[in-house]
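Every value quoted in this text rests on a predicted model; they were computed, and no experiment measured them. Within every chain, numbering begins at 1; the chains are lettered A, B, ... in the order of the sequence lines, protein sequences first and strands thereafter.
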Protein chains: 4
Amino acid sequence: MSAPSESETGNGRSNGSATKIQEKNRARILEAAFSEFAQFGYRGARIEQIAAAAGMSKSNLLYYFGSKKDIYKAVLADLLDIWLAPLRTLDPQGDPREELSAYINQKIELSARYPEASKLFANEVMQGAPMIGDVLEGSLKALVDEKTQVIRTWAAKGRIRPVDPHHLIFMIWATTQHYADFATQIRALTGTGIEEADFRKSAEETVASIILEGVMAKGG
Amino acid sequence: MSAPSESETGNGRSNGSATKIQEKNRARILEAAFSEFAQFGYRGARIEQIAAAAGMSKSNLLYYFGSKKDIYKAVLADLLDIWLAPLRTLDPQGDPREELSAYINQKIELSARYPEASKLFANEVMQGAPMIGDVLEGSLKALVDEKTQVIRTWAAKGRIRPVDPHHLIFMIWATTQHYADFATQIRALTGTGIEEADFRKSAEETVASIILEGVMAKGG
Amino acid sequence: MSAPSESETGNGRSNGSATKIQEKNRARILEAAFSEFAQFGYRGARIEQIAAAAGMSKSNLLYYFGSKKDIYKAVLADLLDIWLAPLRTLDPQGDPREELSAYINQKIELSARYPEASKLFANEVMQGAPMIGDVLEGSLKALVDEKTQVIRTWAAKGRIRPVDPHHLIFMIWATTQHYADFATQIRALTGTGIEEADFRKSAEETVASIILEGVMAKGG
Amino acid sequence: MSAPSESETGNGRSNGSATKIQEKNRARILEAAFSEFAQFGYRGARIEQIAAAAGMSKSNLLYYFGSKKDIYKAVLADLLDIWLAPLRTLDPQGDPREELSAYINQKIELSARYPEASKLFANEVMQGAPMIGDVLEGSLKALVDEKTQVIRTWAAKGRIRPVDPHHLIFMIWATTQHYADFATQIRALTGTGIEEADFRKSAEETVASIILEGVMAKGG
DNA sequence: AATGAATGAGTCTTCATTCAT
DNA sequence: AATGAATGAAGACTCATTCAT
């Protein structure tokens with residue numbers, strides 16, 4: 001995970017001017033925490049393992065983030081930045097086929113590059129989104145409201161079939177994230193995974209093709 | 001969850017002739033365990049909470065299932081029975097449009113009726129399927145291999161477009177299960193959920209329509 | 001400390017009908033906790049030491065009282081029962097000299113019998129009464145308001161000199177509790193302590209004599 | 001607390017010629033430590049909080065005082081200087097009534113000005129005087145022995161009633177220190193405290209009046 | 001069949017102290 | 001003279017599991 005997060009440190013000395021070593025350590029912690037929380041969820045995650053993965057002592061980790069919850073919050077903040085970016089790029093002025101196709105591909109790339117982020121997000125939501133519930137109901141809803149309107153407009157202009165935009169978005173989310181969240185199952189069934197270029201390419205093609213064909217106006 | 005499971009109890013008292021009260025308690029435990037494991041995953045689940053939800057003491061629960069892992073195994077066994085059933089019904093002789101449509105609907109119904117089962121499955125797989133990895137690689141793979149062949153045959157006959165059958169199956173799984181696994185997010189964005197009939201109907205229609213349109217041969 | 005306390009157990013099974021073993025263990029814990037909290041205050045007290053003094057494992061102690069704070073609360077509840085009893089007996093109808101004399105003696109006896117209770121109370125109040133602040137402002141204030149009125153009535157009738165009743169009460173409290181709270185200093189200076197009968201007798205006589213002479217009307 | 005203390009620093013840098021800034025910092029630390037130790041006792045006190053109250057980093061505080069115990073020792077040394085001064089002024093040649101009255105007033109003033117000192121002393125003694133036990137048994141005992149003799153002489157001359165001098169001293173200590181140590185309780189019961197002039201005046205008058213009346217020979 | 005009692009291995013967190021700069 | 005970084009020991013609390021009844 002690379003996106004820096006500027007949340008509080010837990011020790012009272014965060015005065016905005018973080019040292020290089022601080023930045024480095026915080027980044028290493030967040031990266032390690034991502035994997036751990038993604039795999040085991042909040043309760044199941046172990047601070048000690050995060051510290052080990054970050055190459056430091058548990059005490060030192062807690063010197064940077066005062067508590068398990070603090071780490072989790074910081075990780076989620078980073079996550080949302082990454083996770084919601086692609087949807088923002090959906091352009092009302094663009095060609096529906098190209099826009100949707102690009103969006104699908106971006107999401108699959110994201111799943112390939114940040115599989116832990118995907119799992120972490122899934123985990124948090126599956127537990128009822130105790131930490132990011134307000135984000136879902138707030139800024140995410142606003143964003144989705146906006147984009148469903150874009151889709152409705154496309155349909156009104158006859159550029160796509162009139163499908164329920166929410167379900168379309170859910171379908172894209174579900175399908176693309178599936179490659180990260182269910183990677184174990186996919187590997188068991190196909191012997192490969194989204195992190196391998198060939199498979200990613202076939203996934204992108206198939207998914208885009210089905211959804212686009214399914215959504216395009218027959219006459220289009 | 002009601003399907004009884006005949007896995008081992010852990011204590012030596014299961015002599016085959018289970019009392020009615022025994023059966024009832026085992027069922028209540030499994031039902032409670034389903035929710036708990038589904039929401040929190042294996043590590044995060046708490047025996048005490050399962051016992052409380054099942055209306056009995058922690059000690060008594062452990063009288064029925066000797067350990068946390070035993071409960072988890074029993075729950076997973078039940079889960080797989082339920083979870084894999086619909087795919088088995090996919091009939092090579094049937095009409096692709098009807099078969100796929102029926103399969104999608106069954107999966108959505110399943111998500112609506114057993115949302116915890118869906119989450120539990122997701123959780124287990126996301127953690128690397130430590131418990132059911134062999135099932136995935138064994139009987140599930142066999143089943144999927146068989147059904148991908150069915151789809152390929154349909155394509156070979158020109159009854160559907162030649163899409164990669166694995167990706168098609170993943171898309172159906174992902175999309176339908178999404179309504180259970182991400183219910184919190186869906187409710188935050190739409191104000192409703194798959195357990196409500198209207199929403200379920202619109203989900204089924206939209207999903208089936210997009211996938212079927214996306215998969216059907218243009219000339220078909 | 002012997003007074004039983006009926007506060008909650010911390011484990012959720014407290015159904016009112018406590019077993020003998022439960023009662024016994026709870027009593028032993030409270031007794032041990034009294035000493036520990038009295039000597040070291042809340043922060044300084046160590047659960048492990050309480051458990052050791054009570055002759056059980058830390059885990060078992062926490063089976064009875066869910067947290068350090070719970071123990072502390074239970075101990076304080078017991079304490080207040082014991083501590084405030086004597087003042088209640090101050091009888092408006094009685095002879096001031098006898099009433100005050102009896103009250104002083106009771107308080108000195110209390111300090112002799114429950115020196116830890118005295119220290120514990122002192123400790124809590126010295127820290128700002130974070131736990132019993134409301135009791136002080138509530139029931140204790142009500143009780144003291146009542147008794148200051150008694151003293152004022154005595155003065156109005158000319159049975160004692162018109163002294164400020166609050167200060168009189170504080171003087172009695174301070175002086176009598178001093179024998180428990182400052183026992184170490186007293187022993188360093190006199191070689192003995194309030195728990196020894198001779199010393200206790202001389203303390204009672206001297207204190208009572210000075211206060212009574214100091215308070216009685218000259219003509220009386 | 002302002003009295004400077006010349007106890008050892010713990011680090012080897014104290015070469016006798018302390019900078020102004022050094023002196024100032026040491027004073028600020030001691031002042032902050034006084035409050036902290038007074039409120040929470042030795043174990044309960046937190047170095048970090050002392051540092052914060054003194055407006056410096058924890059590390060810097062430990063640069064001045066090598067360890068928690070060192071700070072505590074320095075604070076106690078200061079304390080004893082302040083705390084035992086008034087008793088030394090008790091003049092055998094003076095008039096008992098005036099001498100005792102002056103002593104009582106001095107002690108009450110002390111409680112008003114240095115409430116933390118009073119609490120700190122109480123705390124240390126209540127824990128068994130682990131740090132100042134030798135002082136109590138040494139110089140304090142010598143001082144008290146001397147002053148009890150003064151009181152006995154007064155009694156022998158018929159200038160006061162023959163009361164046990166130890167108990168008289170304890171009574172004065174207890175009563176006057178009570179206004180500092182139990183300030184929270186006093187405020188809960190009266191709405192005011194010894195730091196307010198009116199209340200202090202009434203305390204001084206009442207306490208002095210009761211003790212003097214109680215101690216003076218009837219004929220005197 | 002059921003439960004209260006007890007435990008030990010974790011798990012998070014605090015805190016005095018040391019180190020390097 | 002001062003501070004940020006780091007640590008290890010200790011402390012509170014959790015939790016699956018065992019024991020006795």
Side-chain angles (χ1 to χ4, degrees), chain A residues 9-15 17-19 21-22 25 43-51 56-71, chain B residues 10-11 13 19 21-22 25 43-51 56-71, chain C residues 9-15 17-19 21-22 25 43-51 56-71, chain D residues 10-11 13 19 21-22 25 43-51 56-71:
Chain A
T9 54
N11 61 48
R13 295 171 212 84
S14 135
N15 52 9
S17 69
T19 0
I21 192 165
Q22 267 188 348
N25 278 340
R43 281 208 213 173
R46 299 288 171 250
I47 275 192
E48 182 130 38
Q49 276 185 239
I50 298 176
M56 67 184 67
S57 72
K58 190 172 52 165
S59 297
N60 199 23
L61 183 150
L62 286 167
Y63 170 73
Y64 286 94
F65 294 88
S67 74
K68 190 179 180 179
K69 188 163 258 175
D70 281 352
I71 312 174
Chain B
N11 61 49
R13 296 174 201 82
T19 335
I21 192 166
Q22 274 184 339
N25 276 340
R43 280 209 215 175
R46 299 291 171 246
I47 279 192
E48 180 129 39
Q49 277 186 238
I50 298 176
M56 68 185 65
S57 71
K58 192 172 51 165
S59 299
N60 198 23
L61 181 149
L62 285 166
Y63 170 78
Y64 283 95
F65 294 86
S67 74
K68 188 180 181 179
K69 190 162 258 176
D70 282 350
I71 312 174
Chain C
T9 54
N11 61 50
R13 294 169 213 87
S14 135
N15 51 10
S17 70
T19 0
I21 193 164
Q22 267 189 347
N25 277 340
R43 281 210 215 173
R46 300 287 171 251
I47 277 192
E48 182 130 38
Q49 277 185 239
I50 298 176
M56 68 183 64
S57 72
K58 190 171 54 167
S59 296
N60 200 21
L61 182 151
L62 286 166
Y63 170 72
Y64 285 95
F65 293 88
S67 74
K68 190 179 179 181
K69 190 164 257 176
D70 280 353
I71 313 174
Chain D
N11 61 47
R13 296 175 202 82
T19 336
I21 193 167
Q22 273 184 338
N25 277 340
R43 280 209 215 174
R46 298 290 171 248
I47 278 192
E48 182 130 39
Q49 278 186 238
I50 298 177
M56 69 184 65
S57 72
K58 193 171 51 165
S59 299
N60 200 22
L61 184 151
L62 285 166
Y63 169 75
Y64 284 95
F65 293 87
S67 76
K68 189 182 183 181
K69 189 163 260 177
D70 282 350
I71 313 173

**Asked** What's the closest nucleotide to the B:Ile21 side chain, out of E:dA2, F:dG11, F:dT18?
**Response** E:dA2
**Asked** Within this structure, what is the CE-to-C1' distance between C:Met56 and E:dG4, rounded to whole angstrom?
**Response** 14 Å
**Prompt:** Please give, in whole Å, the distance from E:dT14 C1' to D:Ile50 CD1?
**Reply:** 15 Å
**Request:** Output yes when at least one side-chain N/O atom of A:Asn60 is less than 4.0 Å from OP1 or OP2 of F:dT7, else no.
**Result:** yes
**Prompt:** OP1 or OP2 of E:dG4 sitting under 4.0 Å from any side-chain N/O of C:Gln22?
**Reply:** no
**Message:** Between P on F:dG11 and CD1 on C:Ile71, what's the gap in Å once rounded to a whole number?
**Reply:** 15 Å
**Asked** Could you give the distance from NZ (C:Lys68) to CZ (C:Arg43), rounded to the nearest 0.5 Å?
**Response** 9.5 Å
**Item:** Separation between CG of B:Asn25 and CG of B:Asn60, rounded to the nearest 0.5 Å
**Value:** 6.0 Å
**Item:** Among E:dA5, F:dA12, F:dT14, the nucleotide that comes nearest once only the side chain of C:Ile47 is considered
**Value:** F:dA12
**Item:** Pairwise 5' ranking along DNA chain E for D:Arg46 and B:Asn25, keeping only the more 5' one
**Value:** B:Asn25
**Request:** Tell me what D:Ala51 touches on the nucleic acid: a base, only sugar-phosphate, or nothing, going by heavy atoms under 4.0 Å.
**Result:** nothing
**Prompt:** When you measure from the side chain of D:Lys68, which nucleotide among F:dT14, E:dT17, E:dG4 comes out closest?
**Reply:** E:dT17
**Request:** Find the distance between CD1 (D:Ile71) and CZ (D:Phe65) and round it off to the nearest 0.5 Å.
**Result:** 6.5 Å
**Prompt:** Would the number of heavy atoms belonging to other residues, nucleotides or ligands and lying under 6.0 Å from CD of C:Glu48 be above 12?
**Reply:** no
**Item:** A:Tyr63 side-chain N/O to E:dT14 phosphate OP1/OP2 under 4.0 Å
**Value:** no
**Item:** For atom CG of B:Leu62 and atom P of E:dG4, their distance in whole Å
**Value:** 14 Å
**Message:** Please convert DNA chain E into dot-bracket. A pair counts if it is Watson-Crick or G-U wobble with both distances under 3.5 Å; crossing pairs go in [ ] and bases paired with another strand get |.
**Reply:** .||||||||||||||||||||
**First of A:Leu61 and B:Lys69 reached from the 5' end of DNA chain F, by closest nucleotide** = A:Leu61
**Asked** Roughly how far, to the nearest 0.5 Å, is OH of A:Tyr63 from CE of A:Met56?
**Response** 11.5 Å
**Message:** I want to check something: taking the side chain as every heavy atom from C-beta on, are C:Ser59 and C:Leu62 in contact at a cut-off of under 4.5 Å?
**Reply:** no
**Prompt:** Just to confirm, is there a sub-4.0 Å distance from OP1 or OP2 of E:dG4 to any side-chain nitrogen or oxygen of B:Ser59?
**Reply:** no
